[in-house]
Amino acid sequence: MLNSNNFNWSYVVSGITLIVAIISPVIVTMLNNYHNSKIRKLELYYQKQLSYYQKQESVFSSFLESASKQVVADYQSEKVEYMRYYNQLFLYTPEEYWEQFKKLNESVVNRNKGESEKLLFSTAVSLGKILQESALMLPKL
C-alpha cells in the first residue's frame, strides 16, 4: 500500500523538461519568422515609397528645367522633352493641381512669356509643396 501512494515525481519533471526542450525552439523559430516577415514587409514598403519619391522629385526637377527653357527661349529641339515631362507630371501630382499645370502649358505653348513666368513660379511652389508632403509620408526608420 505504501508504494501505491508514493508517486515518483522525477519522471514527471523529466517529461516536462523533455517537452519544453522540444517545443521551445519551435516556438522561438515561429516567432522569429513572424518578426522577420513583418520587418521585410516594412522594408519593401519603405523602398517602394522612397522609389516613388525619388521618381517624383526627378520628374518635377526635369519638368521645371525644360519648362524654364521653353519660357526663356523657344527651344524647338527640346519641345519633345518638355511635353514628355509635362505629361509625366500628371502621374505624380494630385488632381487638384492639374488645372494649374494646364494653364502653364497653354501659356508656354502660346509663347506668353510674362504669364508663363508667373505661372511657372506658382507651379514650382506647388511642386515643392507636393514634394514636402511626399517626404512626410515616407516611413520613419
Would you compute the distance between atom [atom1] of [X] and atom [atom2] of [Y] and round it to the nearest 0.5 angstrom?
| X | Y | atom1 | atom2 | result |
| --- | --- | --- | --- | --- |
| Leu50 | Glu57 | CG | CD | 9.5 Å |
| Ser116 | Phe121 | OG | CZ | 15.0 Å |
| Met83 | Lys79 | CE | NZ | 9.0 Å |
| Phe101 | Ser122 | CZ | OG | 9.0 Å |

Just by distance, do the side chain of [X] and the backbone of [Y] share a donor-acceptor pair under 3.5 Å?
| X | Y | answer |
| --- | --- | --- |
| Asn36 | Asn32 | yes |
| Asn110 | Asn112 | no |
| Ser107 | Lys103 | no |
| Gln100 | Leu119 | no |
| Ser24 | Ala21 | no |
| Ser51 | Gln47 | no |

What's the shortest heavy-atom distance between [X] and [Y], and which atoms?
| X | Y | value |
| --- | --- | --- |
| Pro25 | Val20 | CD-O, 4.2 Å |
| Leu104 | Leu120 | CD1-N, 3.6 Å |
| Ser10 | Asn8 | OG-OD1, 2.6 Å |
| Lys69 | Glu78 | CD-OE1, 2.8 Å |

- Task: Identify the residue among Lys48, Lys55, Gln56, Gln54 that makes a side chain to side chain contact (heavy atoms under 4.5 Å, CB included) with Tyr52.
- Result: Gln56
In terms of hydrophobic clustering (I, L, V, M, F, W, Y; side-chain heavy atoms under 4.5 Å; direct or indirect links), are [X] and [Y] co-clustered?
| X | Y | result |
| --- | --- | --- |
| Tyr45 | Leu138 | no |
| Phe60 | Trp98 | yes |
| Leu91 | Tyr85 | yes |
| Ile19 | Ile27 | yes |

pair [X]-[Y]: side-chain heavy atoms closer than 4.5 Å:
| X | Y | result |
| --- | --- | --- |
| Tyr82 | Phe63 | yes |
| Leu89 | Tyr97 | no |
| Tyr34 | Ile39 | no |
| Leu127 | Leu131 | no |
| Trp9 | Val12 | yes |

- Flag for Ser66-Glu81: side-chain donor and acceptor within less than 3.5 Å: no
- For Val80, which fellow cluster members are found when Ile, Leu, Val, Met, Phe, Trp and Tyr are connected by side-chain heavy-atom distances below 4.5 angstrom, either directly or through intermediates? none
- Would you call the rings of Phe90 and Tyr86 parallel, tilted or perpendicular if under 30° counts as parallel and over 60° as perpendicular? perpendicular
- If you count the non-hydrogen atoms of other residues, nucleotides and ligands that lie under 6.0 Å from CD in Glu96, is the total more than 12? yes
- Message: side-chain contact (heavy atoms from CB on, under 4.5 Å), that's the test. Do Gln132 and Leu136 meet it? Break it down for me.
- Response: CA-CA 6 Å; Gln132 288 173 350; Leu136 291 176; 5.8 Å; no
- Does anything in residues 105-133 pair up under salt bridge (charged side-chain N to carboxylate O under 4.0 Å, His left out), and if so which pairs, sequence neighbours excluded? none
